[in-house]
Amino acid sequence: MRSKYRLGVDAGGTFTDFVLAENDGNIRVFKSPSTPEDGTIAIHHGLGQIAEALNKPVSQIVQECDLCINGTTVALNALIEKKGVKVGLLCSTGHEDSIEIRLGHKEEGYRYEADFPPAHMIVPRHLRRGIDGRFLADGTEYSELNEQQIIDAAAYFKEQQVESVAISFLWAVRNPGHERRAKELIEQLLPGVFVCTGSEVYPQIREYSRTSTTVVNAYLSPVMRRYVERIDEYFRNLGAKYPVRYFQSNGGLAIGEAMQGRAVNAINSGPASAPQAGLYVARPFDIDNVITVDMGGTSFDITLTKGGHTNLSKDIDFLRYRIGVPMIQVETLGAGGGSICQVDEFGMLQVGPESAGATPGPVCYGKGGTRPTVTDANLVLGYLNPDAVLGGTIRLNRDAAWQAVKKHVADPLGISVEKAAYGISTIVNFNMVNGIRRVSIERGYDPRDFALVCAGGAAGMHISSLAEEIGSRTVLVPKVASVFCAFGQIISDVRYNYLASEPMPIHREAELSLLNERFHELESQGTEHLLADGFQLGDISLSRSVEMRYQGQIHECPVELPGGEITPDTIDGLLEAFHRRHEELYTYSEPNNPVELVNIESTLTGKVSKPPAQQLAATGRTLADALMGHRPMLFDADGHWIETGVYHGERLDVGLEIMGPAVVEEPTTNIVVRPGWCLVLEANNCYRLTRMS
């Protein structure tokens with residue numbers, strides 16, 4: 001750290017989280033209600049809390065920050081709520097309906113449901129204009145661009161008050177000449193209208209993916225631009241010495257200028273920082289295989305990191321829109337503390353995805369909720385303190401939770417309330433385990449090789465059960481779990497992805513000079529960008545990956561490629577890696593079949609210094625000093641209540657072992673230690689749970 005502080009701000013839908021790291025390793029945590037209408041209001045309130053805690057003016061704190069980092073759900077919420085801008089699309093003639101046809105794709109689970117509604121179209125049919133002019137797959141011009149059609153389209157867009165224009169022509173990834181000219185014309189004819197092209201936003205093969213990604217970017221970028229301009233101006237007025245950094249979906253930081261025209265890179269901004277935080281808390285234990293799970297009130301987010309590298313997804317369907325650009329793979333489920341539990345028409349117990357949210361919330365909050373939730377079940381099971389007061393105003397009501405579980409679950413199923421509550425917990429755990437398997441087993445990874453890193457206020461009550469189900473023997477619960485993503489932001493690097501398509505057969509006799517030249521072009525561009533951003537050459541690193549397939553296949557397999565000159569020997573290693581990865585994913589490989597390369601990618605990273613790790617020293621306290629008492633808890637479906645020790649997390653000393661069953665109560669979460677597990681508070685301010693049997 002160059003200065004006294006580093007500030008991470010994660011603007012969520014309900015709360016905006018603040019993490020302030022001091023140069024002595026101390027970490028401070030703050031929360032403020034989010035203000036979607038103007039993010040600076042929530043930031044102002046949060047900075048006010050920080051100023052009060054430090055007894056310093058807000059301006060002084062900001063001026064003493066080496067980095068102010070912002071993770072935001074602005075783009076995500078605009079996409080969810082359909083609150084982007086009015087978009088027009090210029091595409092190749094005959095392809096006006098590709099974003100509606102969607103390659104004939106129908107979401108999993110609805111393939112044979114005739115009544116399943118089509119996806120909402122960001123660009124209505126009358127605002128999609130086909131333009132004559134064509135490049136071929138080798139980049140040669142087949143027919144000239146019809147500029148009059150572009151002029152006519154611009155006139156219509158102006159009449160319709162279009163605020164943003166997306167341009168995506170066939171084979172623009174091989175020759176972007178027509179797209180560049182079309183953009184130039186639109187900018188001349190429609191000053192002030194945002195314009196983006198497919199060859200800029202997602203320069204890789206696949207016309208539908210490229211067009212959809214470009215349309216989503218055009219839909220969100222003006223919204224993101226307004227947000228970034230407000231945040232940047234706010235911090236400039238406070239005297240910030242360095243530009244605000246924004247968190248991207250690829251797990252890295254970027255300056256506001258880079259984000260204003262690439263809102264599609266910020267869709268998963270919040271949960272994308274979890275893997276960095278997971279690795280940070282795991283490294284002191286020599287662990288680089290981690291699965292992070294973040295359970296809040298509404299959702300459950302999962303990410304996987306293998307060997308220090310986090311899974312990236314490309315060309316995926318997100319909220320029913322195809323997104324091509326790299327994004328940290330986040331599996332999101334409707335499984336949170338507020339997930340509603342009910343018996344369906346077939347007499348089956350269902351948990352989620354519907355949520356009680358913050359209002360009315362779980363029944364036990366006493367704010368008008370009538371249907372039981374996962375939180376109500378946890379209270380019935382004894383995992384939560386029945387006398388707890390949340391936020392200083394909400395006193396939990398165990399009797400109300402008990403009656404709600406009885407009325408809506410136990411009585412309809414003809415079972416005891418205890419069994420009903422345990423069944424709720426079991427089902428939500430099962431749903432979460434299935435999500436973990438989707439990011440691990442279904443992608444060729446064995447979850448038993450990973451430690452689970454726990455985040456979010458509700459995950460601590462379920463984490464050891466999840467670990468048992470997937471076979472993981474180590475669980476890490478950091479003290480900053482409730483603001484985990486904001487913490488991940490302050491320890492992340494600046495990162496940019498550069499993409500290109502370079503289809504070619506791949507073997508020792510292949511034309512490698514072209515491949516080397518293309519990589520060099522991408523990496524020079526990225527290096528120049530980072531140097532202009534203030535980094536030195538020694539702070540910049542790069543990684544490469546390629547997408548390959550057996551000739552005749554439709555989909556590609558991503559493989560990492562070493563940096564430096566690509567030679568025939570490099571190709572041998574690349575082919576071996578491709579065959580191996582193909583077998584991991586699909587259980588077979590075909591080493592004797594020809595292989596072709598399709599897409600290439602270079603990732604340029606500017607290394608940011610990390611805050612010093614927080615180290616706790618033993619104080620000599622004993623377990624008796626932390627023991628608050630006992631209460632009955634249920635850990636199986638047979639109704640055997642166990643008097644379980646309850647410990648105050650802030651009184652626990654480093655190195656003390658707590659054998660399960662037990663519960664450790666922290667200000668923002670409870671950690672349930674199931675029988676057969678041992679919990680220890682480590683010197684890095686992180687709880688480690690180890691399975692003993």
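The first residue of the sequence shown is numbered 1, and numbering continues consecutively from there. On a predicted model such as this, the values are computed, not experimentally measured, just so you know.
A salt bridge does not link Glu560 to Arg581: none of the charged nitrogens lies less than 4.0 Å from a carboxylate oxygen. A salt bridge does not link Asp10 to Lys31: none of the charged nitrogens lies less than 4.0 Å from a carboxylate oxygen. Using a cutoff of 4.0 Å between basic side-chain nitrogens and carboxylate oxygens, Asp493 and Lys607 are scored as salt-bridged. Note on Glu666 versus Lys479: salt bridge recorded, some NZ/NE/NH1/NH2 to OD/OE distance being below 4.0 Å. Taking 4.0 Å as the cut-off between side-chain N and carboxylate O, Glu547 and Lys314 count as a salt-bridged pair.
We find the CG-CG distance between Leu238 and Leu47 to be 7.0 Å, quoted to the nearest 0.5 Å. For the atom pair CZ of Arg6 and CD1 of Ile69, the computed distance is 6.0 Å after rounding to the nearest 0.5 Å. Considering CD1 of Ile61 and CG of Leu7, their distance stands at 9.0 Å, rounded to 0.5 Å. Distance CG/Leu604 to CZ/Phe535: 11.0 Å, rounded to 0.5 Å. In this structure, the separation between CE on Met628 and NE2 on His648 is 5.5 Å, given to the nearest 0.5 Å.
For the 3.5 Å distance criterion, the side chains of His529 and Tyr498 qualify, holding a donor opposite an acceptor. If you check the side chains of Tyr246 and Asp232, you find a donor sitting under 3.5 Å from an acceptor. No side-chain donor-acceptor contact under 3.5 Å links Tyr445 and Glu584. Counted by atom type alone, Asn250 and Asn497 present one or more donor-acceptor pairs between their side chains at under 3.5 Å. Side-chain atoms of Gln329 and Arg443 include a donor-acceptor pair closer than 3.5 Å. Between Thr40 and Asp38, the side chains place a donor N or O and an acceptor N or O closer than 3.5 Å (distance only, hydrogens not considered). Tyr5 and Asn26 are not linked by any side-chain donor-acceptor pair at a separation below 3.5 angstrom, with hydrogens and angles left out of the test. A donor-acceptor pair shorter than 3.5 Å cannot be found between the side chains of Asn265 and Ser249. Judged by distance alone, the side chains of His462 and Asn378 do bring a donor and an acceptor atom under 3.5 Å apart.
Among residues two or more places apart in sequence or in another chain, the side chain to side chain contact (heavy atoms under 4.5 Å, CB included) test is passed with Pro275 by Thr303, Thr305, Thr310, Ile328. Considering only residues two or more places apart in sequence or on other chains, Glu64 meets the side chain to side chain donor-acceptor pair (under 3.5 Å) condition with Lys56, Gln60.
Judged purely by atom type and a 3.5 angstrom limit, Ser32 has no side-chain atom pairing as donor or acceptor with the backbone of His45. A side-chain donor-acceptor contact under 3.5 Å links Thr375 to the backbone of Gly337. No donor-acceptor distance shorter than 3.5 angstrom exists from the side chain of Ser339 to the backbone of Val374, with no hydrogens or angles considered. With hydrogens and angles disregarded, no donor-acceptor distance shorter than 3.5 Å links the side chain of Ser602 to the backbone of Glu523. A side-chain donor-acceptor contact under 3.5 Å links Arg495 to the backbone of Gly251.
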Show your working on salt bridge (charged side-chain N to carboxylate O under 4.0 Å, His left out) between Lys306 and Asp446 and close with a plain yes or no.
-> CA-CA 10 Å; Lys306 168 74 171 176; Asp446 188 339; over 6 Å; no

Under the salt bridge (charged side-chain N to carboxylate O under 4.0 Å, His left out) criterion, do Glu442 and Arg437 qualify, and how do the steps go?
-> CA-CA 6 Å; Glu442 293 183 13; Arg437 287 173 175 155; over 6 Å; no

Which is it for Arg28 and Glu22 under the salt bridge (charged side-chain N to carboxylate O under 4.0 Å, His left out) test, yes or no, and what are the steps along the way?
-> CA-CA 8 Å; Arg28 295 175 182 262; Glu22 301 182 54; 2.7 Å; yes

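Atom CZ of Arg621 has more than 12 neighbouring heavy atoms from other residues, nucleotides or ligands inside a 6.0 Å radius.
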